Amino acid sequence: MRIGARVLIGMTAATTLALSCSPAASAEPSTVWKWGALHSTDGWATAWGKVSVGQSGLVVSGNLDDSYGKGCSWALIRYQNARNGRWRTHGVYNCVTGTGTFRKDVGGVLQIRVKVCRGTAKRPVGKCSRWKTVYTQGG
């Protein structure tokens with residue numbers, strides 16, 4: 001009986017080890033590129049965030065802070081398509097004092113750049129930072 005109990009315990013330990021080493025059980029962290037705070041030239045708009053790998057390509061997500069309360073803060077996301085090389089720009093705005101979040105699926109891209117501006121609820125008008133490259137394929 002003792003020998004049978006040892007074999008059963010050994011099999012249970014081997015099964016547990018095999019299950020913990022299977023690909024479904026291992027939770028490897030996905031690749032993430034964080035980018036630091038970007039400020040508009042007047043300092044009233046700030047954005048920061050990350051670029052991560054999603055199901056259908058890359059995802060840009062982050063926070064957009066509007067400190068002033070008058071007007072709106074804008075984050076402009078510019079990305080270069082990997083298939084045709086064309087640049088596209090997507091704007092996100094926050095017109096409420098405080099921090100808001102954003103998320104943009106950009107797909108397969110060669111580069112991603114971000115710029116922070118002040119503006120109205122319709123468009124950015126000025127006080128823009130320079131473009132900052134937050135992701136480059138292969139670099």
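Quantities reported herein were computed from a predicted structural model and do not represent experimental measurements.
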Quick check for you: to the nearest 0.5 Å, what is the distance between [X] atom [atom1] and [Y] atom [atom2]?
{"X": "Arg113", "Y": "Thr89", "atom1": "CZ", "atom2": "OG1", "answer": "10.5 Å"}
{"X": "Asp65", "Y": "Thr97", "atom1": "CG", "atom2": "OG1", "answer": "9.0 Å"}
{"X": "Ser73", "Y": "Asp42", "atom1": "OG", "atom2": "CG", "answer": "8.5 Å"}

Report whether [X] and [Y] are members of the same hydrophobic cluster (ILVMFWY, side-chain heavy atoms less than 4.5 Å apart, transitive linking).
{"X": "Val60", "Y": "Leu58", "value": "yes"}
{"X": "Leu64", "Y": "Val59", "value": "no"}
{"X": "Val114", "Y": "Leu110", "value": "no"}
{"X": "Trp44", "Y": "Tyr93", "value": "no"}
{"X": "Tyr135", "Y": "Val116", "value": "yes"}

Side chains of Ile112 and Ile77 in contact at under 4.5 Å (non-hydrogen atoms): yes
So, do Trp48 and Lys50 sit near enough that their side-chain heavy atoms are less than 4.5 Å apart? no
Under a 3.5 Å distance rule, please check whether [X] uses its side chain to pair with a backbone N or O of [Y] as donor and acceptor.
{"X": "Arg118", "Y": "Lys70", "result": "yes"}
{"X": "Asn94", "Y": "Val96", "result": "yes"}
{"X": "Gln111", "Y": "Thr136", "result": "no"}
{"X": "Trp74", "Y": "Thr120", "result": "yes"}

Mind listing the closest non-hydrogen atom pair of [X] and [Y] along with its distance?
{"X": "Pro124", "Y": "Cys117", "value": "CB-CB, 3.9 Å"}
{"X": "Asn81", "Y": "Arg83", "value": "OD1-N, 2.7 Å"}
{"X": "Gly91", "Y": "Leu76", "value": "CA-CD2, 3.8 Å"}
{"X": "Arg103", "Y": "Asp105", "value": "NH2-OD1, 3.7 Å"}

Is atom OH of Tyr79 surrounded by more than 12 heavy atoms (other residues, nucleotides or ligands) closer than 6.0 Å? yes
Heavy atoms from other residues, nucleotides or ligands near NZ of Lys115 exceed 12 (cutoff 6.0 Å): yes
Verdict with reasoning, Gln80 to Val109, per side chain to side chain contact (heavy atoms under 4.5 Å, CB included): CA-CA 5 Å; Gln80 187 180 21; Val109 296; 5.7 Å; no
Side chain to side chain contact (heavy atoms under 4.5 Å, CB included) assessment of Val51 paired with Trp35: CA-CA 8 Å; Val51 177; Trp35 47 279; 4.3 Å; yes
